[in-house]
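Encoded as structure tokens, the structure appears first; notes follow it.
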Number of protein chains: 2
Amino acid sequence: MAAKRRDAPSKGDQRVQAILDAAEVLLERERAEPMTVESIAKGAGILRGSLYFYFGSKQEVLAALVARTVAQLHMEDPAADLDAPVRDIVRQAVRNTARTWREHATVMRAAVEFGPEVPEIGQLWRDTIANNTKVMARVLVRAGLPDEDGPTGAAALAQALCWMTERNFYHASTQPGGLDHMTETMVEIWCRVLPGGNPCSS
Amino acid sequence: MAAKRRDAPSKGDQRVQAILDAAEVLLERERAEPMTVESIAKGAGILRGSLYFYFGSKQEVLAALVARTVAQLHMEDPAADLDAPVRDIVRQAVRNTARTWREHATVMRAAVEFGPEVPEIGQLWRDTIANNTKVMARVLVRAGLPDEDGPTGAAALAQALCWMTERNFYHASTQPGGLDHMTETMVEIWCRVLPGGNPCSS
DNA sequence: GAGAAAAATCTGCACTGTGTCGAAATTTTT
DNA sequence: AAAAATTTCGACACAGTGCAGATTTTTCTC
């Protein structure tokens, strides 16, 4: 089904952002106030019917919010220094990921949770993980893992480790101090997978 | 809120299972027919109002279905031979997990997806992973990883690796042949994390 | 500045899906 | 056979979503 959303006019641009801001606030206080079209519109300063001028459905609002956050992640993502020692690259990459979870946990958890039921969000999220995987696969190849396509090639290991990192940070982000603790655990595992397998902590 | 469900009578026991069976079928054909109270009741051979005699809500049906499946997993889970070589234990454990995903993928994916919004399912699923973690932590300690509580102790690594396995099998279970491919990848990573870090494939 | 066009908002409507509850039917027990 | 318990039915109320025409506001053109 084609999206109903029209090209946004300039005043509408502000309204679109207000709608997305309102949706994000509701995600953060989901226990206290369930996210409905009514509550999103109220938070954006319009009535329910008006919201459909900008978005075709509540799912489209969520997809746009996730897209906005993912775009922000890309802008904030520091370019990796791929000439540094591999373990330093890995450590820095994990730390950067932890930072994005710290700063955008609510929307990132929403991306994980709504991905299965909103195809657009699911694809956005998988693409985000795929981008990370591509970079980290090159790092693993540089470290000496086989540059091949099989289940034990660098690409497969990188993908599996990126999903591990996503899943563990997803859980850790709900607990105070969880991300710092989990960062050390993620670095430890990534490093142990590298050839030579020396743990980072020793 | 206390569950409204009453103690189930003997004829009702059969009806409860029929309801859970109907719910499972609908999960499997979710693209073709959305799961509603109406469609669950229809599949169980009753009208909508009758379903509420057995379950307080649709969420309770889902929680009972996940509980039934998790109980079944426990029954099917072969006791690990903890005296075997560690790498054989790891390989067998991953294969067993792959088999449970192969045989119960639909309900297990539902457990992952509904966990965030249905607390009872979330707890059930976390408990399941915690049980696996406990066993695998002991295996990692046997392999020589530090038996301590810090972020790089055996317990933390086991937990992170179990969530990695869950996440990767979740994705792999949606693709033909995906679980076999992923099994090799999971074994490879688990083995590389073990002291000595020798990959299983070499 | 006025009028036309476009954009934005409002309001009522229709619909789906969930959960409730009293009445009726069926089954079980005495 | 009658009473009690269990199970089912069906109508009701409600929340939430999305639609569409009317109205209002804003922007654009002359």
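Throughout, protein chains are lettered first and strands after them, A, B, ... in sequence-line order, and every chain is numbered starting at 1.
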| message | On the nucleotide dG12(C), are OP1 or OP2 found under 4.0 Å from the side-chain N or O atoms that R48(A) carries? | response | no
| Where the side chain of L47(B) is defined as all heavy atoms beyond and including C-beta, which of dG10(D), dT17(D), dG19(C) is the nearest nucleotide? | dG10(D)
| Closest-nucleotide ordering on DNA chain D, the 5'-leading residue of I46(B) and T36(A) | I46(B)
| query | Between dT17(D), dT7(D), dT9(C), which nucleotide gets closest to the side-chain atoms of V37(A)? | reply | dT17(D)
| query | dT24(D) P sits how many Å from R15(A) CZ, rounded? | reply | 18 Å
| field | Interatomic distance where NZ belongs to K42(A) and P belongs to dC10(C) [whole Å] | value | 14 Å
| said: Salt bridge check, E38(B) against K42(B): does any charged N sit closer than 4.0 Å to a carboxylate O? | reply: no
| message | Given dG18(D), dT18(C), dT9(C), identify the nucleotide with an atom nearest to the side chain of Y52(B). | response | dT18(C)
| Can you tell me if the side-chain N/O atoms of S50(A) get under 4.0 Å from OP1 or OP2 in dA8(C)? | no
| task | Give me the ring orientation class for W101(A) and Y170(A): parallel if the planes are under 30° apart, tilted from 30 to 60°, perpendicular past 60°. | result | perpendicular
| request: Please report, rounded to the nearest Å, how far the P atom of dA15(D) is from the NZ atom of K58(B). | output: 19 Å
| query | Nearest-Å distance, CD (E38(B)) to P (dC15(C))? | reply | 17 Å
| note | note: F53(A), atom CZ; dT23(D), atom C1'; distance rounded to Å ~ 14 Å
| task | Return no unless some side-chain N or O of Y54(B) is found under 4.0 Å from OP1 or OP2 of dT8(D). | result | yes
| Integer-rounded Å distance: dT18(C) P and F55(B) CZ | 15 Å
| task | Applying side chain to side chain contact (heavy atoms under 4.5 Å, CB included), name anything that partners P151(B), two or more places apart in sequence or on another chain. | result | H181(A), E184(A), T185(A)
| query | Got a sec, which residues hit side chain to side chain contact (heavy atoms under 4.5 Å, CB included) with V141(B), two or more places apart in sequence or on another chain? | reply | D147(B), A154(B)
